2 protein chains.
Amino acid sequence: MKNIQVINSVKVRRIEMGHLTQGDLAKVVGVTRQTMNLIEAQKYNPTIKVCLLIAAALETSIDQLFWMEDEE
Amino acid sequence: MKNIQVINSVKVRRIEMGHLTQGDLAKVVGVTRQTMNLIEAQKYNPTIKVCLLIAAALETSIDQLFWMEDEE
DNA sequence: CAAAAGTGTAACATATATATGACAAAGTTA
DNA sequence: TAACTTTGTCATATATATGTTACACTTTTG
């Protein structure tokens, strides 16, 4: 697959939301805390389903949360 | 993970683009034609990276292409 | 300060996204 | 109609997203 870098602002947005922990967000989305941790650390390439659920939980859109940067 | 249905309008949008086959789109995105076929048939839950590349290729946004519907 | 809560990370297991090769059916074009 | 292109699908293989358990480190709170 084409080699791009996907960046997200999930952690920033989650903290903007106020008292919302990784665990809280994970629970709402229905993934584990570890999975949410790896997504926030940009170490996973999550599925669109998870992204849609995260965007809903953070009251924003996928386009606001995820974008791509050309590899190098 | 939370049980939602993800719908996409990739096929509709691809055809709107004019002469763009599944194979063409797959090639631009950098996946196989079979993968693109399954995505268009709503049989895959693609990764955000693929979705971003598809949106770019179709000159639109992920929010325009993918959305969720509550499971029944 | 001490306890509790939140975060980062590791090892291993499982589910599934994606690749590859192949073939038939449907659609298009000459 | 006959060639050709496009699409749908199948079987099998591989890569990786996600789950589970566990533990150390950091941050918050009483």
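First the proteins, then the strands, lettered A, B, ... as listed; each starts at 1. Excluded from the calculations below are hydrogen atoms, water molecules and symmetry mates; all remaining heavy atoms, backbone and side chain alike, are included. Since the model is a prediction, treat every value here as computed from it, not as a measurement.
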Whole-Å distance between [N] [atom2] and [X] [atom1]?
| X | N | atom1 | atom2 | value |
| --- | --- | --- | --- | --- |
| A/N37 | D/dA17 | CG | C1' | 15 Å |
| B/I48 | C/dT16 | CD1 | C1' | 17 Å |
| A/L20 | C/dA5 | CG | P | 17 Å |
| A/M36 | D/dG19 | CE | C1' | 13 Å |
| B/N45 | C/dT16 | CG | C1' | 9 Å |
| B/I39 | D/dG8 | CD1 | P | 13 Å |
| B/K11 | D/dT6 | NZ | P | 14 Å |
| B/M1 | C/dA15 | CE | P | 13 Å |

Is the phosphate of D/dT7 approached by B/R14 (side-chain N or O, under 4.0 Å from OP1 or OP2)?
yes
C/dA17 OP1/OP2 closer than 4.0 Å to side-chain N/O of B/T47
no
Would you state whether a donor and an acceptor, one from the side chain of A/Q34 and one from the base of D/dT21, lie under 3.5 Å apart?
yes
Ignoring hydrogens and angles, does a donor from either the side chain of B/R33 or the base of D/dG8 sit under 3.5 Å from an acceptor on the other?
yes
Could you check B/V10, B/I54, B/L65 and say which one makes a side chain to side chain contact (heavy atoms under 4.5 Å, CB included) with B/T60?
B/L65
Can you measure from CD1 (B/I62) to CD1 (A/I62) and round to the nearest 0.5 angstrom?
6.0 Å
In Å and rounded to the nearest 0.5 Å, what is the CD1 to OG distance from A/I15 to A/S9?
11.5 Å
Taking B/T47's backbone N and O only, do any of them form a donor-acceptor pair with A/N45's side chain (distance below 3.5 Å, no angle check)?
no
Identify, between B/H19 and B/L38, the residue whose nearest nucleotide on DNA chain C lies closer to the 5' end.
B/L38
What do the steps show when you test B/N8 against B/W67 for side chain to side chain contact (heavy atoms under 4.5 Å, CB included), and what is the final call?
CA-CA 6 Å; B/N8 75 73; B/W67 63 92; 5.6 Å; no
Would you mind classifying the nucleic acid contact of A/K49 as base, sugar-phosphate or nothing, using non-hydrogen atoms under 4.0 angstrom?
nothing
As a test of reading the structure: which of [options] is closest to the side chain of [X], going by heavy atoms?
| X | options | answer |
| --- | --- | --- |
| A/Q22 | C/dT7, D/dG8, D/dG19 | C/dT7 |
| B/T32 | C/dA19, C/dT9, D/dT7 | C/dA19 |
| A/V31 | C/dT9, D/dT7, D/dG19 | D/dG19 |

